Amino acid sequence: MRIPDYDNCLVNLSNSILKHFGLETYHSSIPSVDKILEGNKQIVVFLFDGLGETILNKHLDEDNYMRLNVRHRLSSVFPPTTVAATNAFLNAKFPLETGYLGWTEYFKEHPNQPIEVFTNRFKLDNTSSPLPGINSKNLACFNIIDTINAHAIDKTRAHLLYCYPVDKKGPRMLSSFMKKAFKLARQTENSFVYAYWNNPDHTLHTQGVNSKAARRQVRKINRLFVRYTTMPKNQDVLTFAIADHGLIDVLPIDLLKEHPEFEKMLLKPWAIETRAATFFIKDEYKQEFKKLFNEYYGDKFELYSKQQVLKNNIFGLGKPHPMIDITLGDYLAVAISNYHIIYPNEEPFKAHHAGASDEEYTIDLIGVNGTLLKQDKEKWLKEDEEKALLEAKTRLKINEEDVKVETLDEENENTPEEDQK
C-alpha cells in the first residue's frame, strides 16, 4: 500500500498554523504554506468533508474559482477518514498519537463491542453506550484551538465552528455557516477559525461520486466560497479551504455471508473502517485466517500484522496512544481496490473512503485573501449563475422564466430557506 506523505499532510498544515502564531510545533511545517501565512492576522480554515482533489476536479471546471486558487497539494493521513483526519489536523498530530483511528474503535470499558467514536453508540445494535463520554475521556487532546487560546501572543482568539448536526446548535445552511465563520474571524484583530462542513461527504456516501447530487453540492460550495471570500469586509481574512479525504465508488463484501468459516476464527467483531478493517483472531486460527483472507481477497485488500503496521508507521509518526493497543487487532486489512467490508445486514455505501488510493489521500489547499479584482468577482458570479441556470433547466425540464437562480450579491443575501434549494 501507499503510505501518505507524512512530511506534507494535514498534520504538517496545522503545524504551519501553530508556527505562524509563534507556538511550539509537534512535527515539521510546510515551507510554502508558512510563506502564504506570513503577515496575515485573521485566518479561516474551511474543511469540507470529502472534497478531495479528485472530487473537486470531477465536479468543477478547471477555470472555476476554487480550482484556480489551489495553492498546494497535500495528503490526508491513514486512514483517510473523517475521525482520523479531522482530528489529525485539529491536534497537529498523527492518528498514531491521538488514538483517533476510525469510525469504530474498542474502549477499555467495553473491550468486546465496537463503539462509534463520534456518536458514542454500539456499532452492531445501534444503542447508546451506558457510559456517556467514554470517547472524549479516552481520546481527549489539547488541540490547536486550545493551544492558540492559551498561549498565542497578541491576544489571538481561536474558534471552532461545526455545522448541524455535528453541533446541535450549529448552522444548518451553508450560507449562514460561512457568514458566521467570517464574523468570528473579524471579532478580534488576530484570530483563527476552524469551520467544519459535513458535505459533500454525506451526499457522496449515499449518491455516489458521479451523481448529479454530488455535483450540485460541490458547485454550491464553490459559489458561496466566491461570495464570502470576495466581500470587501472579508478581504483582509486569509481563507483556506481543505478536505479531510476524498472518496471513490465502492462495492460491498459481506465477509461472513461469503465465507462463513471466518466466524469461528474471530475473537470479536472487526473495527476501525470498512476499507481499513482490523481483525482480532483466536490464536489457533491466526495462520489459517491469514492464508484464507489472502486467498479470497488478496487482490482487493493488503493484509498487515499488527507488528508490520507499527514498524511501517502506517498510522503516522510519534509515540503511540494507549488506544492503539486496545483497538488495533492482530491484522489490518487495507483496501487497494474499490471494495469495502460490511457487517451482516449492514447497508452498503455507494462511495466510501479510508482505503489506500490516491483518490482518497490527495487533497488541495485552496487559499484566497481578497486579491481578486472587482471585475473578476463579477465574472465568476455571472458565469456560475449561467451554468446553474442551465443545469436547473436541464434537470427540471422547465422554461427559463420558471427558474430562479440564487443571487450572490452581498446586498441581497439569501435566506436559509433559499440556500437549501
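Computed from a predicted structure; not experimentally measured. Here, residue 1 is the first one in the sequence, and each next residue gets the next number.
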No-hydrogen, no-angle side-chain donor-acceptor test under 3.5 Å, [X] and [Y]:
{"X": "His353", "Y": "Thr81", "answer": "yes"}
{"X": "Asn210", "Y": "Lys58", "answer": "yes"}
{"X": "Tyr196", "Y": "Asp49", "answer": "yes"}
{"X": "Glu116", "Y": "Thr104", "answer": "no"}
{"X": "Asn190", "Y": "Arg157", "answer": "no"}
{"X": "Asp34", "Y": "Ser29", "answer": "yes"}
{"X": "Asn8", "Y": "His72", "answer": "yes"}

Counting only heavy atoms not in [X] (residues, nucleotides, ligands), do more than 12 fall under 6.0 Å from its [atom1]?
{"X": "Glu346", "atom1": "CD", "answer": "yes"}
{"X": "Lys108", "atom1": "NZ", "answer": "no"}
{"X": "Lys290", "atom1": "NZ", "answer": "no"}
{"X": "Asn345", "atom1": "CG", "answer": "no"}
{"X": "Arg73", "atom1": "CZ", "answer": "no"}
{"X": "His202", "atom1": "NE2", "answer": "no"}
{"X": "Lys268", "atom1": "NZ", "answer": "yes"}

Practice task
Decide if the gap between the ring center of Tyr304 and the ring center of Tyr331 is smaller than 6.0 angstrom.
Solution key: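 When the ring centroids of Tyr304 and Tyr331 are compared, they turn out to be at least 6.0 Å apart.
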Practice task
Check whether the ring centres of Phe279 and Phe289 lie less than 6.0 Å apart, and answer yes or no.
Solution key: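 Aromatic pair counts; centres sit under 6.0 Å.
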Practice task
Go through the steps to decide whether Asp125 and Thr127 satisfy the test side-chain hydrogen bond (donor to acceptor under 3.5 Å, both in side chains), and finish with yes or no.
Solution key: CA-CA 6 Å; Asp125 60 12; Thr127 59; 2.8 Å; yes
Problem - Lys19: which of Ile30, Val33, Leu37, Thr25 passes side chain to side chain contact (heavy atoms under 4.5 Å, CB included) - result: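 Of all the options given, the one that passes is Thr25.
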Mind checking the [atom1]-[atom2] spacing from [X] to [Y]? Nearest 0.5 Å is all I need.
{"X": "Tyr65", "Y": "Arg223", "atom1": "OH", "atom2": "CZ", "answer": "15.0 Å"}
{"X": "Tyr228", "Y": "Gln235", "atom1": "OH", "atom2": "CD", "answer": "15.0 Å"}
{"X": "His27", "Y": "Leu13", "atom1": "NE2", "atom2": "CG", "answer": "13.5 Å"}
{"X": "Leu74", "Y": "Thr362", "atom1": "CG", "atom2": "OG1", "answer": "9.0 Å"}
{"X": "Ser191", "Y": "Lys41", "atom1": "OG", "atom2": "NZ", "answer": "11.0 Å"}
{"X": "Asp5", "Y": "Asn12", "atom1": "CG", "atom2": "CG", "answer": "7.5 Å"}

Exercise for the section: For Phe122 and His110, run ring-ring contact (aromatic ring centres under 6.0 Å, His included): C-alpha distance rounded to whole Å, both residues' side-chain angles, the deciding distance at 0.1 Å, then the answer. Expected result: CA-CA 10 Å; Phe122 290 125; His110 295 291; 5.0 Å; yes
For the pair [X] and [Y], find out whether any cationic side-chain nitrogen is under 4.0 Å from an anionic carboxylate oxygen.
{"X": "Asp330", "Y": "Lys286", "result": "yes"}
{"X": "Glu97", "Y": "Lys319", "result": "no"}
{"X": "Glu360", "Y": "Arg275", "result": "yes"}
{"X": "Lys306", "Y": "Asp325", "result": "yes"}

Exercise for the section: Please say which of Tyr6, Phe94, Phe315 ends up in a ring pair (Phe, Tyr, Trp, His ring centres under 6.0 Å) with Phe78. Expected result: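 Considering Tyr6, Phe94, Phe315, a ring pair (Phe, Tyr, Trp, His ring centres under 6.0 Å) with Phe78 is found only for Phe315.
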Exercise for the section: Could you tell me whether Lys169 sits above the aromatic face of Tyr164, with NZ or CZ closer than 6.0 angstrom to the six-membered ring centre and within 45 degrees of the axis? Expected result: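 Negative - Lys169 is either too far from the ring of Tyr164 or too far off its axis.
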Problem - Lys180 NZ/CZ over Phe182 ring centroid, <6.0 Å and within 45° of normal - result: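 Ring-cation test returns no.
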Exercise for the section: Report the C-alpha distance between Phe46 and Trp197 in whole Å, list the side-chain angles of each, state the deciding distance to 0.1 Å, and finish with yes or no for ring-ring contact (aromatic ring centres under 6.0 Å, His included). Expected result: CA-CA 7 Å; Phe46 287 108; Trp197 186 254; 9.6 Å; no
Problem - Candidate list Asp364, Asp61, Asn57, Asn222, test side chain to side chain donor-acceptor pair (under 3.5 Å), partner Arg67, passing option - result: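 Checked Asp364, Asp61, Asn57, Asn222 against Arg67; only one passes side chain to side chain donor-acceptor pair (under 3.5 Å): Asn57.
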Practice task
Provide the closest heavy-atom pair for Asp244 versus Ala85 in the form atom of the first, atom of the second, distance.
Solution key: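 Of all heavy-atom pairs spanning Asp244 and Ala85, the closest is O-CB, 3.4 Å.
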Practice task
Could you walk me through whether His321 and Thr98 pass side-chain hydrogen bond (donor to acceptor under 3.5 Å, both in side chains), step by step?
Solution key: CA-CA 6 Å; His321 190 281; Thr98 66; over 6 Å; no
